K.L.:
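Here it is, the structure, as C-alpha cells.
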Amino acid sequence: MAAEVYYQAIGTLQSHSHLNNFNHHQKHQNNIVRLVARDFISGNGLSRRSNNRSGQRNCTVIRSLASQTSVVDPVLSPSRNNAGDSNKKSNEAALILIRHGESLWNEKNLFTGCVDVPLSKKGIDEAIEAGKRISSIPVDVIFTSALIRAQMTAMLAMTQHRRGKVPIILHNESERAKSWSQFFSEDTKKQSIPVIAAWQLNERMYGELQGLNKQETAERYGKEQVHEWRRSYDIPPPNGESLEMCAQRAVAYFRDQIEPQLLSGKNVMISAHGNSLRSIIMYLDKLTSQEVISLELSTGIPMLYIFKEGRFIRRGSPIGPSEAGVYAYTRRLALYKEKLDDMFQ
C-alpha cells in the first residue's frame, strides 16, 4: 500500500519536489505521494480517560518566522452573484488539528518526546487516511512542529486534498535559507500552501525518560510514579517538561501566531503532538487542568473546529470526503465542497 510505496521511494531529506498542474491532480495523485514520501523519511478521535523554560530545552528545533504568501483561492472567492459581499472578510474559518501518525518509537512503545523519529508504515497509512478525511475542507496555511513525524503527517495528508495544492515549508531560519527557497511564479504561488514549522508546537520534552521502554520504566519506578509523570498536569519527569510547561509555550504560540490567521479568515491546519494539541484544545474548549489530563487524542485522526465571531466551535472528526453530514454544519463548508464537486465532475 502507500506505506510500501513510501519505503521503496526513500531518498534525500534535502530536496523538495514542487508539483504543478491542478487540473490534472487526480491523474498525478500517485506520483505526488511518491514524491512527498521521498522527501520525508522520517466517531471523533478524541476521548477522555480516568514558567516557560523553552531556553533550557535540549530539543533539536527549526525556528521559522510566521510569514506567508497570501493567495486568494478561487474556490473560496465570492461569486459575481454575491458581488456586494466581495469586500467583506469571511467571519468563519476552519481549524483542523491532527496528531501525527504512529511513529517508529510509538510502535516500539518507547518514550519519544522531542527525539526526532519518523513515522512507521502504519503511521504513513494513518496520515494518508487523515488526508482523505479532510480532502474537501479548505486549507490556506499549515503549522507543524519542528519534528519530522508531524511534518510527514501534514505533507502526506495534503497529497489527498482535492484542491491539489502543494505544501511548501518556509525556511526563514537564515537570510540565505530564505533567499534560496524563494520561487517567482505567481501561478505556482496560487497552487501552493505555506507550511510553518515551529518548535513551540513540539511534543513535551520527556527528559530522562526519552528512549526508555514504557513497560520497563513502569517496572523500574513503579506504575504509580510513571502514571504521575505522564498524566499529571504540573509534575514533570526527571529533567523534562510537565503538561503545564508544554501548554505555556504551545498556547502562547497559538494565540500569537495562529489565531491572527483565523481572525483574518484563513483556514488553518495544525499537525502536531498529543501533548501540544491537548494544550491547545484545553484553550479552545476552556478545559480545566483536571479535565485536560484525561483527554486522549488518537494518532492520525483529524479534529475540526469552526472559528466564528471570536468563538471556537468543535465539530468532531470528519468521517470521509463522501459523507454529506460532515459538511452540513456550516453553509460555507457545504458550498466549498459543492464547488469542488463541480470542478471534478
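Being a predicted model, the structure only gives us computed values, none of them experimental.
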K.L.:
Check this for me, if you would: do Arg231 and Glu296 make a salt bridge, where the nitrogen-to-carboxylate-oxygen distance has to be below 4.0 angstrom?
P.N.:
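Salt bridge: yes.
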
K.L.:
Is the backbone of Thr188 close enough, under 3.5 Å, to the side chain of Ser185 for a donor and an acceptor to pair up by distance?
P.N.:
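It does hold such a pair.
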
K.L.:
Given side chains that start at C-beta, do those of Val139 and Met158 come closer than 4.5 Å, heavy atoms only?
P.N.:
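The answer is yes, as the side chains (C-beta and beyond) meet within the 4.5 Å cut-off.
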
K.L.:
Roughly how far, to the nearest 0.5 Å, is the CZ atom of Arg255 from the OH atom of Tyr283?
P.N.:
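Those atoms lie 4.5 Å apart.
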
K.L.:
Compare all side-chain heavy atoms of Ile98 with those of Met269 and state whether any distance is below 4.5 angstrom.
P.N.:
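Touching, per the 4.5 Å side-chain cut-off.
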
K.L.:
Check the pair Arg315 / Tyr305 against side chain to side chain contact (heavy atoms under 4.5 Å, CB included), numbers first and verdict last.
P.N.:
CA-CA 5 Å; Arg315 296 295 184 177; Tyr305 284 79; over 6 Å; no

K.L.:
Exactly one of Ile313, Leu304, Ile137, Val268 should register a side chain to side chain contact (heavy atoms under 4.5 Å, CB included) with Leu95. Which one does?
P.N.:
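That would be Val268.
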
K.L.:
Please tell me whether Glu219 and Gln215 have a donor and an acceptor in their side chains that are separated by less than 3.5 angstrom.
P.N.:
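Yes - a donor-acceptor pair under 3.5 Å links their side chains.
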
K.L.:
Any chance the side chains of Tyr336 and Asp341 put a donor and an acceptor closer than 3.5 Å?
P.N.:
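Note: Tyr336 and Asp341 side chains miss the donor-acceptor criterion.
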
K.L.:
Please state whether the rings of Phe143 and Tyr253 are parallel, tilted or perpendicular, taking 30° and 60° as the class boundaries.
P.N.:
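Aromatic pair Phe143/Tyr253 classed perpendicular.
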
K.L.:
For Glu241, does its backbone N or O pair with a side-chain atom of Arg204 as donor and acceptor, under 3.5 Å?
P.N.:
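The answer is yes, because a donor-acceptor pair under 3.5 Å joins these two groups.
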
K.L.:
Between Phe111 and Trp105, is the ring centre distance below 6.0 Å?
P.N.:
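Not under 6.0 Å, so no.
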
K.L.:
With a cut-off of under 6.0 Å to the ring centre and 45° to the axis, is Arg314 in cation-pi contact with Phe312?
P.N.:
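Checked: cation-pi criterion not met.
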
K.L.:
Side chain of Asn106, backbone of Ser103: donor and acceptor closer than 3.5 Å?
P.N.:
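Side chain of Asn106 to backbone of Ser103: a pair is present.
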
K.L.:
Taking NZ in Lys108 as the centre, count heavy atoms belonging to other residues, nucleotides or ligands within less than 6.0 Å. Is the count above 12?
P.N.:
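Open: at most 12 neighbouring heavy atoms sit under 6.0 Å from NZ of Lys108.
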
K.L.:
Side-chain contact test, heavy atoms from C-beta onward, threshold under 4.5 Å: evaluate it for Ile270 versus Ile258 and give yes or no.
P.N.:
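Yes, side chains in contact.
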
K.L.:
With a 4.5 Å cut-off on side-chain heavy atoms, are Ile124 and Thr153 touching?
P.N.:
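No, their side chains stay 4.5 Å or more apart.
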
K.L.:
Verify side chain to side chain contact (heavy atoms under 4.5 Å, CB included) between Leu297 and Ile301, making sure each step is shown before the conclusion.
P.N.:
CA-CA 8 Å; Leu297 297 175; Ile301 303 294; over 6 Å; no

K.L.:
Any idea which heavy atoms bring Asp234 and Pro236 closest together, and the distance?
P.N.:
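Nearest pair, atom of Asp234 first, then Pro236: O-CD, 3.6 Å.
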
K.L.:
Sequence neighbours left out, what passes salt bridge (Lys or Arg N to Asp or Glu O under 4.0 Å) with Glu224? Give chain and number order.
P.N.:
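Glu224: no salt bridge (Lys or Arg N to Asp or Glu O under 4.0 Å) contacts found.
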
K.L.:
Does a salt bridge link Asp125 with Lys121, judged by any charged N lying under 4.0 Å from a carboxylate O?
P.N.:
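Answer for the salt bridge query: no.
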
K.L.:
Would you indicate whether the side-chain heavy atoms of Tyr233 and Gln290 approach each other to under 4.5 Å?
P.N.:
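No. Closest side-chain heavy atoms not under 4.5 Å.
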
K.L.:
Distance check, rounded to the nearest 0.5 Å: Arg162 atom CZ versus Ile134 atom CD1?
P.N.:
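Going from the CZ atom of Arg162 to the CD1 atom of Ile134 covers 13.0 Å.
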
K.L.:
Does a side-chain heavy-atom distance below 4.5 Å link Lys214 with Arg230?
P.N.:
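Yes, side chains in contact.
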
K.L.:
May I ask you to say whether Lys178 pairs ionically with Glu175, meaning some side-chain N is under 4.0 Å from a carboxylate O?
P.N.:
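Result for this pair is no, no salt bridge flagged.
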
K.L.:
Taking Asn213's backbone N and O only, do any of them form a donor-acceptor pair with Glu216's side chain (distance below 3.5 Å, no angle check)?
P.N.:
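No, the answer is negative, given that no donor and acceptor are paired below the 3.5 Å cut-off.
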
K.L.:
Kindly indicate, with the supporting measurements, whether the criterion side-chain hydrogen bond (donor to acceptor under 3.5 Å, both in side chains) is fulfilled by Glu102 and Ser120.
P.N.:
CA-CA 6 Å; Glu102 181 192 71; Ser120 67; 2.6 Å; yes

K.L.:
Judged by atom type as modelled, is there a donor-acceptor pair below 3.5 Å linking the side chain of His273 to the main-chain atoms of Asn275?
P.N.:
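Such a contact is absent between His273 side chain and Asn275 backbone.
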
K.L.:
How far apart are the C-alpha atoms of Ile281 and Leu295, what are their side-chain angles, what is the distance that settles it, and do they pass the side chain to side chain contact (heavy atoms under 4.5 Å, CB included) test?
P.N.:
CA-CA 9 Å; Ile281 290 171; Leu295 190 67; 3.7 Å; yes

K.L.:
So, for Leu201 and Ser276, which heavy atoms are closest and what is the spacing to 0.1 Å?
P.N.:
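Closest heavy-atom pair between Leu201 and Ser276: O-OG, 2.9 Å.
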
K.L.:
For residues Gln225 and His227, is any side-chain donor paired with an opposing acceptor at under 3.5 Å?
P.N.:
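No.
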
K.L.:
Of all heavy-atom pairs between Asp140 and Pro194, which one has the smallest distance, and what is that distance?
P.N.:
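That would be O-CD, 3.4 Å.
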
K.L.:
For Val195 and Val141: C-alpha separation, side-chain torsions, deciding distance, then whether side chain to side chain contact (heavy atoms under 4.5 Å, CB included) applies.
P.N.:
CA-CA 6 Å; Val195 181; Val141 58; over 6 Å; no

K.L.:
So, Asn267 versus Arg332: side-chain donor-acceptor pair below 3.5 Å or not?
P.N.:
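Present: a donor and an acceptor within the cut-off.
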
K.L.:
For Thr144, does its backbone N or O pair with a side-chain atom of Ser271 as donor and acceptor, under 3.5 Å?
P.N.:
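Between the backbone of Thr144 and the side chain of Ser271 there is no qualifying donor-acceptor contact (under 3.5 Å).
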
K.L.:
When you compare the side chains of Glu126 and Thr299, does any donor N or O come within less than 3.5 Å of an acceptor on the partner?
P.N.:
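Looking only at side-chain atoms, Thr299 and Glu126 do form a donor-acceptor pair, the distance falling under 3.5 Å.
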
K.L.:
Is any side-chain heavy atom of Glu208 closer than 4.5 Å to a side-chain heavy atom of Pro237?
P.N.:
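The answer is no; the side chains never approach within 4.5 Å.
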
K.L.:
Are the side chains of Ile235 and Ser242 in contact, using a 4.5 Å heavy-atom criterion?
P.N.:
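Ser242 vs Ile235: side chains apart.
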
K.L.:
Going by the rule side-chain contact (heavy atoms from CB on, under 4.5 Å), which residues pair with Gln182 if we only count those two or more places apart in sequence or in a different chain?
P.N.:
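Gln182 satisfies side-chain contact (heavy atoms from CB on, under 4.5 Å) with Ser179, Phe184 once adjacent residues are dropped.
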
